[in-house]
Every structure is written in structure tokens, then in C-alpha cells.
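Remember, predicted model here, so these are calculated numbers, not experimental data. So that the names make sense, note that chain A is the first sequence line, chain B the second, and so on, each numbered from 1.
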4 protein chains.
Amino acid sequence: MARRRDNDKRRRILDAAVRVFAKKGYFGAKVAEIARRAGVADGTIYLYFHNKEDILVSLFNEVMAEHIDGGRREVAELKGAPERLRAVASRHLRLFGGNRDLAIVFQVELRHSTRFLERFTGSWLQDYFALVNEIIEKGQMEGSLRAELPRKVATKAFFGALDEMVTSWILSHREYDLAQLAGPVVELFLDGAGARGITEPRAALAAVSSGRGGR
Amino acid sequence: MARRRDNDKRRRILDAAVRVFAKKGYFGAKVAEIARRAGVADGTIYLYFHNKEDILVSLFNEVMAEHIDGGRREVAELKGAPERLRAVASRHLRLFGGNRDLAIVFQVELRHSTRFLERFTGSWLQDYFALVNEIIEKGQMEGSLRAELPRKVATKAFFGALDEMVTSWILSHREYDLAQLAGPVVELFLDGAGARGITEPRAALAAVSSGRGGR
Amino acid sequence: MARRRDNDKRRRILDAAVRVFAKKGYFGAKVAEIARRAGVADGTIYLYFHNKEDILVSLFNEVMAEHIDGGRREVAELKGAPERLRAVASRHLRLFGGNRDLAIVFQVELRHSTRFLERFTGSWLQDYFALVNEIIEKGQMEGSLRAELPRKVATKAFFGALDEMVTSWILSHREYDLAQLAGPVVELFLDGAGARGITEPRAALAAVSSGRGGR
Amino acid sequence: MARRRDNDKRRRILDAAVRVFAKKGYFGAKVAEIARRAGVADGTIYLYFHNKEDILVSLFNEVMAEHIDGGRREVAELKGAPERLRAVASRHLRLFGGNRDLAIVFQVELRHSTRFLERFTGSWLQDYFALVNEIIEKGQMEGSLRAELPRKVATKAFFGALDEMVTSWILSHREYDLAQLAGPVVELFLDGAGARGITEPRAALAAVSSGRGGR
DNA sequence: AATGAATGAGAGTTCATTCAT
DNA sequence: AATGAATGAACTCTCATTCAT
């Protein structure tokens with residue numbers, strides 16, 4: 001079952017699935033159409049996947065495994081949380097910005113049910129969060145990130161921001177380069193939206209807002 | 001009197017729908033079950049809604065109309081972008097934190113298809129974004145937010161962060177108060193995650209801002 | 001579920017099912033064809049039956065409940081095992097002889113799987129065997145049947161003989177009255193095939209055969 | 001040598017088929033499983049059999065050809081209908097009693113459709129009936145069986161009784177020796193179940209036959 | 001002769017929606 | 001206005017059979 005001869009066929013099915021899931025949605029996608037687009041018979045799908053859901057799950061697992069692995073390797077070679085976060089953001093936005101159909105499947109189909117969302121969250125999303133969390137933690141230790149930062153909230157906010165960039169991009173009818181948003185997003189994440197000081201515009205505000213204390 | 005009964009029935013159907021959609025997902029939810037839970041006959045549903053999707057759409061429209069309206073009124077009474085953003089965030093997290101089923105439906109079912117997501121994004125999400133965007137714009141004019149901030153990115157990041165808080169909360173098995181995350185999220189949004197160190201370009205400011213004192 | 005309005009519709013489905021099962025066999029019968037013949041929509045079948053198998057099971061249960069009940073009542077009014085066995089045999093052969101399709105379904109479809117056969121045997125066939133067994137037991141007590149007769153074997157042999165008459169009749173292309181075989185079958189069962197004696201032809205043999213002894 | 005290997009493979013397929021048909025039923029049995037159990041590839045089955053049904057048909061034909069042939073030879077060496085019937089019954093019950101899977105296939109799968117039953121009845125069952133019929137006819141001529149006996153009915157009743165013993169044995173969860181029922185069945189067939197009492201028409205005979213002593 | 005990956009027709013069942021009452 | 005029995009289109013998955021190797 002694992003080692004079927006035609007590995008290319010499996011790939012063709014997955015590619016076709018991305019296209020069809022993106023266009024029709026998981027429930028609207030017919031297995032027969034995936035088969036047709038992949039150039040195989042309906043039944044052939046079931047030689048490579050247990051069932052329709054398994055196609056979607058395999059898609060996630062394989063794309064994500066590679067994405068996170070690559071992310072870890074890339075991050076390991078960089079110094080400092082800012083650079084690392086920039087790398088993660090850029091990688092995230094490039095992954096989806098380079099393949100609109102894949103983006104749609106991940107942003108939309110991934111969430112088509114609580115059960116599915118849970119499964120997804122419990123597996124690779126956890127890894128992804130762990131990666132970001134580690135970067136933040138090290139950033140705090142090295143002093144590039146604020147020590148009192150609540151890490152969990154920061155991780156979710158970082159991911160949530162990227163996630164929303166992708167979703168907005170999918171739905172936008174203007175064609176723009178998703179990846180170029182990596183810089184602004186990371187900058188906003190690092191510097192915040194608030195103004196600061198007088199000489200530099202942020203200074204004054206910084207004085208005011210500094211009273212917030214502990215929380 | 002007849003009108004009153006009608007509205008009550010419509011309300012019961014919507015309430016039942018939230019519960020069933022949250023538990024089974026939109027596609028897994030059977031109209032018959034919604035009817036059963038609402039205590040009406042299957043056919044009665046169609047006296048109040050055009051079809052299954054219309055139930056979900058009506059749900060969104062009505063909840064959101066009230067949510068955004070209330071948000072606008074609340075924001076109008078506050079001064080300064082920071083306070084306003086805090087109000088929006090708090091309101092957002094309280095809405096969902098107070099009704100897990102509603103949260104599930106909004107976080108999950110809302111996104112079950114590109115078509116649905118588009119429809120949703122094109123209507124009230126646009127309004128929501130407009131509200132946040134206005135707050136940011138005014139914040140920039142009044143000087144509380146950085147003038148060079150890219151507004152669109154900031155709006156999406158703000159929403160994305162809140163959105164991810166809700167999604168994580170739904171999936172978390174620990175019971176915690178979602179609304180209490182409003183403060184940290186807004187703070188992070190305003191101040192950013194980066195430290196204001198010496199070797200960093202923002203060194204001078206960091207020294208100033210450390211004196212910021214209580215809000 | 002139990003009390004649906006149109007009881008006639010249920011009957012029509014069962015009648016159609018007998019015809020279709022008889023012609024095509026259980027596995028060859030399509031639910032759609034049963035629906036068509038019953039003059040209802042495909043889905044309607046499932047308002048009255050859980051699934052395809054339930055149609056067949058219901059058919060058996062209902063026909064048999066009535067058949068055995070009637071048999072018990074008829075037997076209760078008769079005196080002596082011979083008369084009673086004659087009544088049972090006659091009833092059995094009339095039931096199937098009067099409805100070839102029903103006979104086919106019972107002789108053939110009933111046995112299409114071990115699981116099905118077991119289910120059937122464990123329920124009404126057991127009742128049927130019990131009825132015959134009781135008749136034999138009383139016959140032994142009243143002296144009309146040989147006391148040393150192994151009752152279980154006799155019961156099975158009696159049923160097996162009737163059963164084979166029905167099966168042969170179904171497969172025979174000559175049209176003959178199945179019910180008229182009741183007399184010969186019961187007579188054979190009671191008197192045996194062996195010849196007896198001298199004055200009456202059986203006498204001598206009886207003497208001879210008596211030597212067969214113990215075995 | 002090649003021939004030998006072939007025959008062995010064909011035999012392995014048939015053996016596997018008996019096991020699988022018995023366990024799953026004809027329709028539930030998958031050709032792939034038969035192949036797996038036989039230790040051959042799926043496609044290999046089709047080098048030895050035309051199709052799935054042909055496996056079942058071949059099974060019947062081969063088992064039955066040998067069974068009836070052996071029966072004829074055995075019968076030819078015996079004298080008198082009683083002994084011959086006893087031989088047939090014993091052989092019948094031993095065949096199945098010695099191989100539960102084979103019994104299941106013959107009792108159950110044989111009857112899975114009218115078409116199949118007809119085919120089976122038209123071929124070897126006819127031969128089997130002919131064999132029994134001949135024995136009875138000769139028995140009538142030699143005087144051991146009642147001359148007025150309706151031969152067809154008697155043949156069917158004899159077979160039906162044996163058949164039911166096998167079916168009951170398959171379904172019984174108690175393990176008992178099926179072959180030992182040959183004696184009782186034949187005795188019942190020859191002597192009948194009826195007592196030879198005083199008030200009964202066969203009174204005189206009964207007195208005689210009572211001397212036959214216990215079985 | 002043997003393999004086993006590929007085929008593709010086929011059917012049971014569900015369920016949103018309708019409409020006669 | 002309300003009912004709920006009836007509808008029937010639609011779709012996943014299975015598996016006997018084939019055929020290139």
C-alpha cells in the first residue's frame with residue numbers, strides 16, 4: 001500500500017485535488033472530477049488514498065511537513081529573532097503566494113469542520129506554533145524581544161496576522177505579491193502600531209503608554 | 001401577536017441552527033435536526049428561510065449587524081485610537097467568548113467555501129475592516145499611531161490576531177476567559193514585540209519609553 | 001417510524017419486493033426497481049424500511065408470524081398427530097403453492113448467506129420446529145406415533161421433506177398443484193417406505209426388517 | 001511437471017475458495033481474497049477459471065462428480081434397497097460432516113439464486129435423484145419397499161430429510177457427528193413415524209412389527 | 001505462465017426541499 | 001401558518017476483470 005509503483009500517479013492525484021478542492025470546496029469536489037483531472041480512473045484514487053478525506057489530509061501532511069522542516073532549517077542558520085521571524089513570515093507568504101489554489105485549500109478547506117480543524121491544529125499547527133514560540137523565547141533571552149511579552153499571545157498574534165494576510169489575498173481581486181507583505185507584518189509585529197516620542201514621532205506616546213505597568 | 005409568535009419561531013430556528021451547526025458543521029447538519037431542536041416541522045423552516053444556506057447567512061447578518069453597530073456606537077463615545085482598539089478587541093472577544101457555539105460557527109462554518117467566505121468578506125467583514133481602518137486613520141491624525149503605518153496591513157493584522165485568539169480558544173480544551181486576552185493583544189499591537197535596546201536602532205527611544213508610567 | 005400514515009404504501013413495497021427478489025435474487029435486485037414497481041420514489045422505501053435487507057427481513061417476519069400463528073390455531077382444533085401433521089403440511093404447501101414468487105424468495109433468498117440463514121433459523125424456524133415437535137410429542141403420548149421415535153430427527157425430516165417439495169416445485173417447469181403433495185408426504189412420513197408383511201404386503205418385511213436390530 | 005504444478009495451483013484456488021465462500025458467502029467473497037489465500041496473484045485465478053462464478057460451479061461439479069460416482073459404485077456392491085439407502089445417506093452425511101466449510105458452501109451458496117439453483121438441479125442433483133429413484137424402484141420390484149409408494153415424492157422426501165440434517169448441523173452450535181444420523185433417518189424413512197396400534201387400521205401389522213425391537 | 005496495477009460501471013442511501021392537507 | 005410524508009438527484013466507494021510487462 002505504501003510502495004505502489006507509480007509514484008507520479010499519486011502526485012498527479014494530489015495536484016488535481018488541490019485544483020478541484022480550491023475551485024469547488026471539499027464537499028463540492030467530486031472524486032470523479034479529481035480522477036478525471038489527474039487522468040486516472042475513479043477507482044485508481046483508492047489505490048493511493050483510503051478515501052476522499054485522506055486525499056485532503058495527505059495534502060496537508062505532506063505540504064506542511066516539508067514547509068515546517070524547511071522553516072526549521074532556514075531559521076537555524078539565522079541569527080536573532082527579528083531575522084528569524086522575517087524568514088518565517090516570508091516563507092509562509094511565499095508558500096501560499098506562489099500557489100493560489102494551495103492557499104485556498106489551506107485557508108478554507110482546512111477549516112471545514114471542527115473535527116478537521118482539531119486534527120490539523122493538533123498536529124502540524126502545533127509544530128508551527130512551537131517553532132515561532134522558540135524563536136520568541138530565544139529572542140527574549142538574547143534581548144531582541146521584550147522580556148515581559150506573553151509568548152503564547154504573541155505567537156498566536158503573529159500567526160493570526162500572517163493567516164489573515166493570506167486569506168485577504170485570496171479574496172482580493174487585485175493581483176499583488178503576497179510575499180512582499182512579510183516585511184511590513186514583521187515590522188508591525190516588532191515595533192507595534194503606536195507612535196513614540198517627540199523627536200522621532202514615537203517618543204511622546206512612549207512616555208504616556210509606559211505607565212501600563214504589569215497587567 | 002401573530003407577528004410576535006413568528007419572530008419567536010424564527011429566533012428558535014436560528015438558535016437551534018447555531019447549536020447544530022456548531023456540533024455537526026454546516027454540511028453535517030441536517031435541516032430536520034434543526035427543525036426538531038427548534039420544535040417545528042421540517043417544512044416550517046422554509047417559511048422563514050429560503051434554504052439551508054439562508055439560515056447560516058441570516059445568522060451571520062443578524063449577529064454581525066448588531067455587533068458592528070454596537071461597536072460603532074461604543075467607539076464613537078471613546079477618545080483616542082488605543083482606547084477604541086481596546087474596545088473593539090474586547091467586544092470581539094466577549095461576543096465569542098460568551099457563546100462557544102456561536103464562535104464555532106463563525107470561526108469554522110463561515111469559511112466552509114470560497115464562495116461563502118467571499119460573500120461574508122464582501123459584506124460585514126468589510127464593514128468591520130472599515131471600522132478598524134477608520135480608528136487607525138484617526139489615530140494617525142491625532143498622533144497616537146505611527147503615521148507611516150501601512151493601514152491595510154495593520155487592519156488585517158489586528159483582525160487576524162483577534163481571529164486567531166478565538167480559534168485557539170475554541171480548540172483549546174482548557175477553559176479560560178477569552179475576553180481577558182483583549183488587553184495583551186492590543187498592547188502587543190500598539191507596542192510591538194521588539195525590545196528597545198541600546199544597540200538596536202531605536203535605542204534612544206527605548207530609554208525614554210521606559211519611564212512611560214501608568215495608564 | 002412505526003406508525004406512518006400510508007400503511008398501504010408499505011404493503012405495496014413488500015409486494016414489489018417479493019416480485020423483484022424472486023426474479024433477480026436479493027443481490028441482483030435493485031432498490032430502485034422495487035421502488036418503481038411499488039410506484040414510489042426511491043427514498044420513500046427508506047421511510048418504511050431501514051435498508052434493503054430490512055425489506056427482506058420484514059417480509060419473512062410478517063409472512064411467518066402469520067403462517068405460524070395460523071398453524072397453531074388450526075392445529076389446536078384438530079385431534080391426533082396424523083391429522084395435525086396433515087394440517088401443517090397442507091398449510092405449508094398451500095402457502096407457497098399459492099404464491100410462486102413468495103416461495104422462491106423463501107426457498108432461495110432466505111439462504112443467501114450463513115448470517116441470514118442463522119437469523120432466520122434462530123427466530124421463526126425455531127417456532128416452526130417447536131410446533132412440529134409438540135405435535136410429535138403429543139402423538140407419542142397419545143399412542144399414534146411410535147414412542148421410541150427420535151423427535152428431533154423426525155421433526156427435521158418432516159420439515160426437510162416439505163421443504164424439498166417446495167424447492168422441486170419451484171424448479172419444475174411442469175405446473176402442478178403443490179398442495180396435493182401434502183397427503184403423500186404425510187403418509188410416507190407416518191407409514192414409511194418399507195414394505196410390511198404377507199397378507200398386507202408390508203407384513204413380511206416388517207418381520208424381516210425387525211432383524212436389523214441394534215446397529 | 002508443468003501440468004502438475006498447474007493442477008496443484010487450481011486445487012489451491014478451489015480450496016481457498018471453499019474457505020472464503022464459507023466464511024463470507026459468495027457475494028461477500030472477494031476474488032482477491034481467494035487469490036491471497038491460494039497464494040497466487042489475482043490475475044492468475046483467471047487463467048484457471050473463467051470468472052468468479054466458474055469457481056463455484058467447478059467446485060460443485062468436481063465434488064459432486066466424485067460423490068455420485070462413488071455412490072453408484074458403492075450401491076452397486078450392496079443388496080437390497082434398505083442397505084443401499086443407508087449407504088447413500090451415510091455417504092451424504094459423511095461428505096459434509098467431514099468438511100464444514102464444504103457443507104456451508106453446498107447448503108448455502110448453492111442456493112443463492114434461482115438461476116444457480118436451476119443449473120445445479122438440472123445437472124448433478126438430477127443424477128443424485130436418479131440414483132435414489134433407481135434404488136427405490138428396485139426396492140419395489142424386489143419387495144423391500146412398498147409397491148404403491150409414489151417414487152418421486154419418496155425420492156424428494158429422502159433427499160429433503162438428509163438435506164435438512166446437514167443444514168441443521170451447520171447452524172447448530174453444538175458439535176456432533178453428522179454421519180451418525182444416517183441410521184435414524186433411513187429407519188424413519190423406511191418404517192415411518194406412525195405407531196402400529198390396535199385402533200389404527202394397521203393394527204395387525206403393528207403387532208408384528210413391534211417385535212422388531214429397539215433401535 | 002504469472003503478475004498486480006489499473007480500470008470503470010454500478011447501486012445503496014441521504015437529505016434538502018416541496019406541497020397537499 | 002403549519003405540517004411531515006414524499007420526492008429523486010447525486011455521489012462515494014467496491015471489486016470483478018483486464019492486460020501490459
E33(A) CD - dT12(F) C1' separation (whole Å)
15 Å
Looking at residues 20-31 of chain B, who's got a heavy atom less than 4.0 Å off DNA chain E?
A29(B), K30(B), V31(B)
Give every donor-acceptor pair under 3.5 Å between a side-chain atom in residues 28-38 of chain B and any protein atom, sequence neighbours left out.
| from | atom 1 | to | atom 2 | distance (Å) |
| --- | --- | --- | --- | --- |
| E33(B) | OE1 | K24(B) | NZ | 3.1 |

D54(A) CG to dC13(F) P, straight-line distance once rounded to whole Å:
10 Å
Are any of the side-chain nitrogens in R11(C) or D15(C) under 4.0 Å away from the carboxylate oxygens of its partner?
yes
Would K9(B) and Y48(B) count as a cation-pi pair here, with the cationic atom under 6.0 angstrom from the ring centre and within 45° of the axis?
no
Only counting residues at least two apart or in another chain, list the ones meeting ring pair (Phe, Tyr, Trp, His ring centres under 6.0 Å) with F60(B).
F106(B), F116(B), F120(B)
Which nucleotide in the set dT12(F), dT7(F), dT17(F) lies at the smallest distance from any side-chain heavy atom of L47(C)?
dT7(F)
For residues 54-63 of chain C, pull every pair meeting salt bridge (charged side-chain N to carboxylate O under 4.0 Å, His left out), keeping only residues two or more places apart or in separate chains.
R10(C)-E62(C)
Taking atom P of dA1(F) as reference, at what distance in whole Å does atom CG of D42(B) sit?
18 Å
Can a side chain N or O of Y48(A) be found less than 4.0 Å away from OP1 or OP2 on dA6(E)?
yes
For DNA chain E, the dot-bracket pattern of Watson-Crick and G-U pairs whose distances stay under 3.5 Å, | for other-strand partners:
.||||||||||||||||||||
Quick one: side-chain hydrogen bond (donor to acceptor under 3.5 Å, both in side chains) pairs with a partner in residues 99-110 of chain D, sequence neighbours left out?
Q107(D)-D163(D), Q107(D)-T167(D)
How many Å lie between CD1 on I55(D) and C1' on dA16(F), as a whole number?
10 Å
Figure out the CD1/C1' separation between I45(B) and dA1(F), and round it to whole Å.
15 Å
Examine dA2(F): is either OP1 or OP2 under 4.0 Å from a nitrogen or oxygen in the side chain of K9(B)? Give yes or no.
yes
